[in-house]
Structures are given as structure tokens and as C-alpha cells.
S.K.: 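Here you go, one structure.
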Amino acid sequence: MTFTTRFAPSPTGPLHLGHAYSALLAFEMAKAEGGQFLLRIEDIDQSRARAHWEAQIYDDLAWLGLEWPQPVMRQSDRMAAYQTALDALWDRGLLYACACKRRDILAASSAPQEGAEPVFGPDGIVYPGTCRHAGHPREAGALRLDIRKALQTLEGKELNFVEGGSGPEGESGAIPVSKDLLINHVGDVVLARRDMGTSYHLSVVLDDAAQAVTHVVRGRDLFEATYIHILLQALLSLPTPHYHHHQLIRDETGKRLAKRDDARAIALYRENGSTPRDIRDIIGL
Ligand code: GLU
């Protein structure tokens, strides 16, 4: 199988040095393997995605010297595929509608035992299960995965993935994804947000499979989200690619760069006369 990787930015702000690191690393890994580097625009959050950020992504990446095949996959064109997967999971009884607001979840997670603290997983607070057996109609809210039921359908199947980079605790090699971890530290994740009709987790898994991605190269901040992705691949009978989670680029104070760090936007370096070589020197590539 041809080594295929991708860079999958969301057009909700300028790309910064951390994105440059991720994109260049993926591009070079593909080149070294004689493989393919794809670009995918993750624009499911239409309330935040903007055409001018998307245009700037293309400009920045081309300026850095990257090339990718056309046409570029855009998640906003893939809503029908996400819907089909949700229909299948709903028909199998693995989803339920959740009408909770954030504050309901917070309140239910802290009660009833006094002093109980909500558990935070890769998708936020581990859902306390309020709506799991409420029998709400599908339109009533977000769609959550009933993780216990989902795991029952996978009885006897081992869930794991190969990590070629490393996780936050130095995890590498074959990484088991245990039931205990999924139930207690991930919980009933939202697969379709009320406002979007899908979610990052569902879309990324379906798109990586649709693009025949063999190696996912991305920042270490998404290492734990991979547990959800492995489970979804098993449920949807999709292949599990190899993963390579890389270091995060931090500022001088050790804080990880975020979209709002416009001072480190690639476009700004570009305007100020830096060269792509300068960018590589700053990020150590
Ligand atoms: N769209 C995600 C982001 O911009 C990246 C998703 C991924 O690489 O899996 O953070």
C-alpha cells in the first residue's frame, strides 16, 4: 500500500509555526517513503470556518514549498458520508440523543457524592450518562455513542494501534486501547453535535479511510483522541492507519502555540521577509 499521509488544518485562523512543523514533517515523511502527501480542509465548524483562512492555508503551504494533489478534500462536502455512518450506528442501537446542556453535564458530574470531581477525557468531561436511557427522539439533541453497548458488539476483539512517534507519557510502539480506558476515561462521546450534524472524531476517521491514509502525522495533543478513533474504526469496519504523534512547538515561555498566537503566524513571518529556510531553522526541521 502506498504510504499516504495528510495535513488536515481547520480554516478558523492563521497557520502558525506548529502547523508548519506538522505539515513539513508529514510532507517529508511521505517524500522519504516515495508516498503521497494530501491536504484536507477540516471545515465542519461552519460558524468559525472562513474562506479567507482557507485561501491563506493554500498560500502558506505553497510558500513553504509543499505540494499536494487536487482536488483538496473539504469536510463541508462530505456531510452525506457522515450522515450515512450516523444512520448505520443509530440503526444498530449504538447512538442516543442527548439533550443536556454543558451546565447540566457539569452539575451531574459533580453530584451526588459531595466532592466528586468530573473526569476529563480526550473529548471533555466524561459524560455522566443522564440521557443514555431517556429514549429521546433522534432530533432531540447531540448524538452520543453508547460506549458500553458499542464495546459489547466488539466482544473478543483487541483494540490497539501502532505509534511511530510518541504520546505525552512517551508511549510508543503497540498501544493497547482497553475497555476500561474507553469506559472510564472517554465515555459516551458526541459523534454528531447539534449545531454541526457531525463531529471532529467521526469525520476524521471517515475521511482518513476515504483517502486511504496509511500514516496519520499530527501533534501530540491528539494522542488521546486516537483512542476514540481506534474504537470508531473497529465499529465502522475501517482500517486503522499507523499514527505518528509529534512534539508540539512551544513559545519561549513553554506554552504551546494556538491559533490565536497571531505573532507566530506563518503569514506574518512571510510578510516580514523571513524565508522558508528561516521557518525550518526556528522549528528545527
Ligand atoms: N483539524 C485538526 C486541527 O486543526 C487536525 C486533525 C487531525 O490531524 O487529526 O487541529
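For ligands, and for the atoms within them, numbers begin at 1 and follow the listed sequence.
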S.K.: For the residue pair Arg144 and Tyr127, would you count it as a cation-pi contact if the rule is NZ or CZ under 6.0 angstrom from the ring centre and within 45 degrees of the ring axis?
M.R.: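 Yes, Arg144 lies over the aromatic ring of Tyr127.
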S.K.: Charged N to carboxylate O under 4.0 angstrom, Glu163 versus Arg220?
M.R.: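 Salt bridge between Glu163 and Arg220, a charged N being under 4.0 Å from a carboxylate O: no.
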S.K.: Using a heavy-atom cut-off of under 4.0 Å, does the side chain or the backbone of His229 touch ligand 1, or both, or neither?
M.R.: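 Near ligand 1, His229 shows nothing, with every heavy atom at 4.0 Å or more.
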S.K.: Can you tell which part of Tyr200 has a heavy atom less than 4.0 Å from ligand 1: side chain, backbone, both or neither?
M.R.: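 Side chain only.
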S.K.: Do ligand 1 and Ala8 have nitrogen or oxygen atoms that lie under 3.5 Å from each other?
M.R.: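 Between Ala8 and ligand 1, an N or O pair is found under 3.5 Å apart.
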S.K.: With atoms numbered from 1 as shown, which atoms in ligand 1 lie under 4.0 angstrom from a non-hydrogen atom of Arg6?
M.R.: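 So the answer, numbered in order with elements, is 7 (C), 8 (O), 9 (O).
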S.K.: Does His19 come within less than 4.0 Å of ligand 1, judged by its heavy atoms?
M.R.: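 His19: no contact with ligand 1 (<4.0 Å).
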S.K.: Hey, is Lys101 close enough to Asp104 for a salt bridge, meaning N to O under 4.0 Å?
M.R.: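 Not counted as a salt bridge, because no side-chain N and carboxylate O are separated by less than 4.0 Å.
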S.K.: Using heavy-atom distances only, which candidate in Gly13, Gly219, Ser10, Ala26 approaches atom 4 (O) of ligand 1 most closely?
M.R.: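 Minimum heavy-atom distance to atom 4 (O) of ligand 1 goes to Ser10.
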S.K.: Evaluate the ring pair (Phe, Tyr, Trp, His ring centres under 6.0 Å) criterion for residues His242 and Phe3: first the C-alpha distance (whole Å), next the side-chain angles of each, then the deciding distance (0.1 Å), finally the verdict.
M.R.: CA-CA 10 Å; His242 282 54; Phe3 180 107; 9.1 Å; no
S.K.: Go through ligand 1 atom by atom and flag the ones less than 4.0 Å from a non-hydrogen atom of Glu42.
M.R.: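 Selected atoms, number and element: 1 (N), 2 (C), 5 (C), 6 (C).
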S.K.: Any salt bridge linking Glu33 with Lys31? Criterion: basic side-chain nitrogen under 4.0 Å from a carboxylate oxygen.
M.R.: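 Between Lys31 and Glu33 there is no salt bridge, as every charged N stays at least 4.0 Å from the carboxylate O atoms.
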S.K.: By number and element, which atoms of ligand 1 are closer than 4.0 Å to a non-hydrogen atom of Val204?
M.R.: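 Contacts of ligand 1 toward Val204, numbered from 1: 9 (O).
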S.K.: Kindly determine whether Met29 and His244 satisfy side chain to side chain contact (heavy atoms under 4.5 Å, CB included), including the steps that lead there.
M.R.: CA-CA 10 Å; Met29 284 174 73; His244 183 107; 3.8 Å; yes
